[in-house]
There are 2 protein chains.
Amino acid sequence: MLGLLSEGPASGYDLMKLFDVSLSNVWPATQSQLYAELGKLADAGLVDVSAEGPRGRKEYAITDDGLAELRRWITDVEPTRVLRSDMLLRVFFLAQVAPEQARAYLSHQAALAGRHLESLKRIGELLESGQDNLSVYGKITLEYGRRLAEAQQGWAEWAETEVAPDR
Amino acid sequence: MLGLLSEGPASGYDLMKLFDVSLSNVWPATQSQLYAELGKLADAGLVDVSAEGPRGRKEYAITDDGLAELRRWITDVEPTRVLRSDMLLRVFFLAQVAPEQARAYLSHQAALAGRHLESLKRIGELLESGQDNLSVYGKITLEYGRRLAEAQQGWAEWAETEVAPDR
DNA sequence: GCCGACATGTAATTTGTTACATGATTCC
DNA sequence: GGAATCATGTAACAAATTACATGTCGGC
C-alpha cells in the first residue's frame with residue numbers, strides 16, 4: 001500500500017486495480033484485505049485521506065511518517081525468503097503414483113512454465129517503452145519472473161528424464 | 001502429512017523432525033499446526049493410531065482411504081502456483097531509496113542466493129548415495145531449489161548493473 | 001538425581017479468503 | 001432508463017503463527 005501510494009494519491013478502488021495489474025504476481029491480496037489495511041494505515045498515521053470524491057470515494061495520500069516507514073521497511077527489514085510450493089510438494093511424493101503419471105505430471109508442469117514464460121515475455125514487450133520509476137524496477141521484477149519461469153521449465157524437462165528410466 | 005506417512009508410520013514428534021529436515025523448505029508448517037492436522041486426519045479416517053508408546057506417544061499410520069486421497073491430491077488437484085516474495089516486493093519499490101542503497105540491496109540478495117546455493121549443493125552431496133523413493137524425488141526437489149537459487153543469483157547480479165547507470 | 005530429549009497438546013492472535021451487502025454515478 | 005463501472009465496507013470462516021503449558025522417560 002505504502003509503496004503504491006508513494007507514487008501518488010489513490011483511492012482503495014484505484015489501489016485494487018493497480019494491484020491486479022502490477023503486484024498481484026508478487027504479493028497477492030484481496031479487496032477486503034486492502035480496505036482493512038488502508039484503515040489501519042490511516043489509524044497509524046502512515047496515510048491520510050487527502051480528498052473525497054463522488055460515491056464516497058476517499059483518496060489516500062502517504063504521509064511523511066508513511067514514507068519514512070516505507071524506506072525503513074525496504075532497507076532495514078530482512079526479507080523472509082520462504083518458498084511455499086504445492087507443486088514441489090507433490091513432486092516430493094511423486095513416488096506414490098505410477099512412473100508414467102509422474103512423467104505426465106512433470107511434462108505438464110514444463111508446459112505450464114512455458115506458457116507462463118510466453119505471457120511474461122509479452123508483458124515485457126508492452127513495458128519496453130516506459131522510463132519512469134515503476135517501469136524501471138517493474139522491468140527488473142518482471143525479469144525475475146522470466147528467469148524463474150525459464151528455470152522452472154528447464155527443471156521440469158530435466159526431471160522428466162530422471163524419473164524411472166525404463167528398462 | 002499423508003505423504004510422509006505413506007513411507008511408514010510415525011508419531012507427531014517424528015513427523016515434526018522429518019518436516020524440519022525435508023519439507024520445511026517447500027512447505028513450512030509449525031508444530032501446533034501439525035498436531036492439529038493429525039487430529040483432523042484421524043477424524044476423517046485418513047490416518048489412524050497404529051500404536052501407542054511411552055510418554056503418550058501415538059504412532060499414526062496412513063489408511064487405505066488416506067493413501068487414495070494422497071494419490072488423488074497428487075494427480076487430480078491443480079497446483080496453485082502463487083509466488084509471494086517480500087524480497088521482490090521491495091525491489092518493485094526500490095526507487096524509493098538512493099541508487100547506492102538499491103545496488104547494495106541487490107548485491108546483498110546475490111550474496112544470499114550464493115550462500116543458499118552452496119548449502120543446497122552440500123545437502124545434495126549428502127543425499128548422493130541413497131536410492132530409495134524419497135531420495136530419488138528428494139533429489140529432484142533439491143535440484144529445483146538449486147536451479148532456483150542459481151537463477152536468483154544471476155538475476156540479482158544482473159539487476160545491480162541495471163540500476164541507475166551512473167553518468 | 002538431573003538434564004536433555006521426547007512428546008502432546010491448547011489458547012490467543014494475526015492474517016488471509018470468500019461471500020455478502022449496498023449504493024452512487026456516468027455514459028449511452 | 002438501464003448497464004457497466006465506481007466505490008466502500010462487513011461478516012464468517014479458514015489458515016497460520018506464537019506462546020504457553022505440561023509431563024515423561026532414558027541415560028549418565
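Just so we're on the same page: letters track the sequence lines, and every chain starts at 1.
In this structure, B/Tyr13 atom OH and D/dT24 atom P are separated by 16 Å, rounded to whole Å. The nearest whole Å value for the distance from the CD atom in A/Glu37 to the P atom in D/dG9 is 14 Å. Going from atom NZ of A/Lys17 over to atom C1' of D/dT5 covers 9 Å, rounded to whole Å. Rounded to whole Å, atom C1' of C/dG9 lies 10 Å from atom OH of B/Tyr60. Distance, A/Glu59 CD to D/dT8 P: 10 Å, rounded to whole Å. Atom CD of B/Gln31 and atom C1' of D/dT22 are 12 Å apart (whole Å). Taking atom CG of residue A/Leu15 and atom P of nucleotide D/dG9, one finds them 13 Å apart after rounding to whole Å. The distance between atom CG of A/Leu34 and atom P of D/dT8, rounded to the nearest whole Å, is 9 Å.
Looking at B/Arg115 and B/Glu118, no side-chain N of the basic residue comes within less than 4.0 Å of a carboxylate O on the acidic one, giving no salt bridge. For the pair A/Glu125 and A/Lys121, the salt-bridge criterion is not met [side-chain N within less than 4.0 Å of a carboxylate O]. Between B/Glu37 and B/Lys40 there is a salt bridge, since at least one side-chain N of the basic residue sits less than 4.0 Å from a carboxylate O of the acidic one.
Contact annotation: B/Tyr35 side-chain N/O to C/dG9 OP1/OP2 distance is not under 4.0 Å. Taking side-chain N and O atoms only, B/Arg84 has a distance below 4.0 Å to OP1 or OP2 of C/dG16.
Residue-to-nucleotide proximity on DNA chain C shows that, of A/Ala29 and B/Ala36, the 5′-proximal contact is made by B/Ala36. Comparing A/Trp27 and A/Arg55 along DNA chain C, the residue whose closest nucleotide (by nearest heavy atom) sits nearer the 5' end is A/Trp27.
The backbone N or O of A/Trp73 sits less than 3.5 Å from a side-chain atom of B/Arg90, completing a donor-acceptor pair. With hydrogens and angles ignored, the 3.5 Å screen pairs a side-chain donor or acceptor of B/Gln33 with a backbone N or O of B/Thr30.
Contact annotation for A/Ser32: base contact, defined as any heavy-atom pair under 4.0 Å involving a base atom.
Under 3.5 Å, the side chain of A/Gln33 and the base of C/dT17 form no donor-acceptor pair of N or O atoms.
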